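Working notes, beginning with the structure itself.
Model, not experiment: these values are computed from the prediction. By convention here, the first residue in the shown sequence is residue 1.
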Amino acid sequence: MPPLQISAFTATSSVGVGKTALLSALEQSRSGLRANDFGPTPLPTWIGRVDGLEELRLPEQLASWDCRNNRLAWLGLQADGFLDAVAAARKRYGPARIALILGTSTSSIGETEEAYTRLDDGAFPADQRRPKVHTPHSLTMFVQDALGLEGPAETISTACSSSAKVFASAERLIRLGLVDAAVVGGVDTLCGSVLFGFNSLELVSPEPCRPFDAGRNGISLGEAAGFALVERGPGKLELLGYGEASDAHHMSTPHPEGLGAEKAMDDALARAGLKTDAIDYINMHGTASTKNDEVEGALVARRFPDTTHASSTKGFTGHTLGAAGIVEAVISLLAIETGLKPGTVNTTTLDAECGPQIKLQPARGEVRYALSNSFGFGGNNCSLVFGKGAAA
């Protein structure tokens with residue numbers, strides 16, 4: 001696969017707004033998780049909550065899109081000069097030649113939940129009769145409006161792999177000549193459906209999540225927004241490969257041998273023209289659920305050299321669901337750009353079934369190639385390979 005340049009990227013999560021805050025948390029192994037304080041009856045769990053969303057107001061021309069998810073999207077778009085980068089690309093290519101591909105699992109459903117609590121004679125109250133907000137495509141339509149883009153617009157909703165798969169879709173659109181560039185990313189916010197839904201599956205931990213820990217007992221949910229600008233041709237940071245697979249083993253449990261996950265990794269490496277020993281850093285999916293970590297840990301242990309540095313970063317941000325892929329892609333790009341290979345926070349005793357690749361402490365060293373894994377419900381698996389370009 002010819003490489004594509006990542007010319008701008010950003011992420012906002014519970015550790016702060018933009019790359020500087022994220023890098024600082026990774027360097028200091030500082031978690032952004034807090035005791036759950038979301039909603040009228042908070043579950044006894046820990047969450048990755050973004051501060052200030054309740055007070056944030058959208059610009060007047062975008063006010064009709066208001067909801068928690070779109071507010072977080074707007075906050076994320078303003079970081080790291082991303083709006084300026086897209087404006088420059090729009091000037092270079094024209095608004096119709098830039099695609100927009102975003103991943104989300106719940107989009108603006110939190111606003112829809114609010115509307116249902118205030119039904120007026122069986123109908124939404126007047127101020128909630130906003131069809132464009134109460135739709136899974138709301139996020140993408142909002143961001144398209146905010147960025148002034150007119151190219152193809154897609155919303156991908158494949159659970160936890162949603163905003164990893166956006167890179168694959170962007171590559172196809174660019175390769176086919178339909179666009180010259182793509183804004184990719186994802187946004188998901190906390191809401192009752194997410195917190196109580198995962199709790200009903202007995203997947204939520206009552207304490208901060210501990211990925212790959214021998215005593216792990218579930219996930220910590222979070223919210224985040226992340227974006228990247230992907231353009232044709234080489235650059236300092238590049239998308240080198242992607243792999244997608246759907247093993248469809250079970251609605252919420254991974255294949256016991258990780259066959260779909262392994263297929264996704266193999267395809268990503270094949271597109272990048274790399275073998276496993278070339279990878280300097282792996283951002284694991286690592287949710288801290290019993291089965292996911294067991295399967296992924298064993299898969300990496302049997303496929304990669306002992307010297308490979310791998311970690312899960314969900315202890316920093318929580319599991320941000322449809323935004324997890326883009327946040328962890330940003331972390332992988334930061335690893336290449338800065339040489340920082342993050343550790344795995346909150347974890348104290350590694351599961352004996354996991355290999356020596358999983359590291360608890362951060363390290364520094366050249367990262368030429370990074371692999372990022374995102375494995376979603378229903379066996380929706382995606383792996384991405386990023387690399388340092390010749391221009392770096």
Side-chain angles (χ1 to χ4, degrees), residues 12-14 36-43 45 47-50 53-54 56 58 62-77 100-120 122-146 153-163 165-166 185-201 203-204 219-226 251-252 317-327 374 376-378 380:
T12 289
S13 69
S14 60
N36 183 21
D37 56 359
F38 185 86
T41 54
L43 283 168
T45 184
I47 58 171
R49 183 172 182 169
V50 176
L53 293 183
E54 290 75 21
L56 191 148
L58 298 178
L62 299 172
S64 63
W65 292 103
D66 185 60
C67 65
R68 185 179 185 87
N69 211 58
N70 290 341
R71 281 183 230 149
L72 179 53
W74 180 244
L75 181 65
L77 284 168
L100 176 64
I101 311 154
L102 301 179
T104 186
S105 63
T106 58
S107 190
S108 50
I109 197 171
E111 195 70 10
T112 309
E113 291 172 3
E114 168 67 19
Y116 271 106
T117 67
R118 298 195 291 117
L119 289 178
D120 180 9
F124 283 1
D127 64 330
Q128 286 287 9
R129 292 170 193 168
R130 301 182 292 155
K132 67 182 185 179
V133 170
H134 301 294
T135 168
H137 197 47
S138 171
L139 168 67
T140 307
M141 290 191 294
F142 164 69
V143 174
Q144 188 175 41
D145 191 359
E154 302 176 17
T155 298
I156 296 178
S157 188
T158 54
C160 316
S161 61
S162 301
S163 59
K165 290 168 72 70
V166 297
V187 185
D188 252 335
T189 36
L190 294 164
C191 61
S193 298
V194 163
L195 286 160
F196 289 96
F198 275 88
N199 189 59
S200 72
L201 295 173
L203 290 174
V204 176
I219 70 176
S220 297
L221 292 158
E223 57 188 359
M251 188 59 219
S252 60
T317 63
H319 191 342
T320 60
L321 304 178
I326 185 64
V327 170
S374 297
F377 274 5
N380 282 294

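Using modelled atom types, one side-chain atom of R49 and one backbone atom of D37 make a donor-acceptor pair closer than 3.5 Å.
Across all non-hydrogen atoms, the minimal contact from A73 to F142 is CB-CE2, 3.9 Å. Nearest heavy atom pair, residue A153 against residue T140, reads CB-CG2, 3.9 Å. Nearest approach of G325 to S163, heavy atoms of both residues: N-OG, 3.3 Å. Here the shortest heavy-atom pairing between T12 and G76 reads OG1-CA, 3.8 Å. Pairing each heavy atom of A115 with each of P125, the nearest pair is O-CD, 3.8 Å. Heavy atoms only, all atoms of each residue included: S162 and G103 are closest at CB-CA, 3.8 Å.
Distance OG1/T41 to CZ/F196: 4.0 Å, rounded to 0.5 Å. Taken from CG in N380 to SG in C160, the straight-line distance is 9.5 Å, to the nearest 0.5 Å.
T317 pairs by the side-chain hydrogen bond (donor to acceptor under 3.5 Å, both in side chains) definition with nothing, not counting sequence neighbours. Residues satisfying the side-chain hydrogen bond (donor to acceptor under 3.5 Å, both in side chains) test with N70, not counting sequence neighbours, are S138. Scanning for ring pair (Phe, Tyr, Trp, His ring centres under 6.0 Å) contacts around H134 gives F124, with sequence neighbours left out. Residues forming a side-chain hydrogen bond (donor to acceptor under 3.5 Å, both in side chains) with D145 (at least two apart in sequence, or on another chain): W65. Under the rule for a side-chain hydrogen bond (donor to acceptor under 3.5 Å, both in side chains), the partners of N69 that lie at least two apart in sequence or sit in another chain are T189.
Side chains of D188 and S105: a donor-acceptor N/O pair is present below 3.5 angstrom, by distance only.
Here the side chains of T106 and L321 are not in contact, with every heavy-atom distance at 4.5 Å or above. Within the 4.5 Å cutoff, no side-chain heavy atoms of R68 are placed close to those of C191. Contact check for E223 versus V194: no side-chain heavy atoms found under the 4.5 Å cut-off. Looking at heavy atoms from C-beta onward, L190 lies in side-chain contact with L221 at the 4.5 angstrom threshold. Using a 4.5 Å heavy-atom threshold, the side chains of V143 and V187 count as separate.
The stretch residues 124-134 participates, sequence neighbours left out, in these salt bridge (Lys or Arg N to Asp or Glu O under 4.0 Å) pairs: E111-R130, R118-D127.
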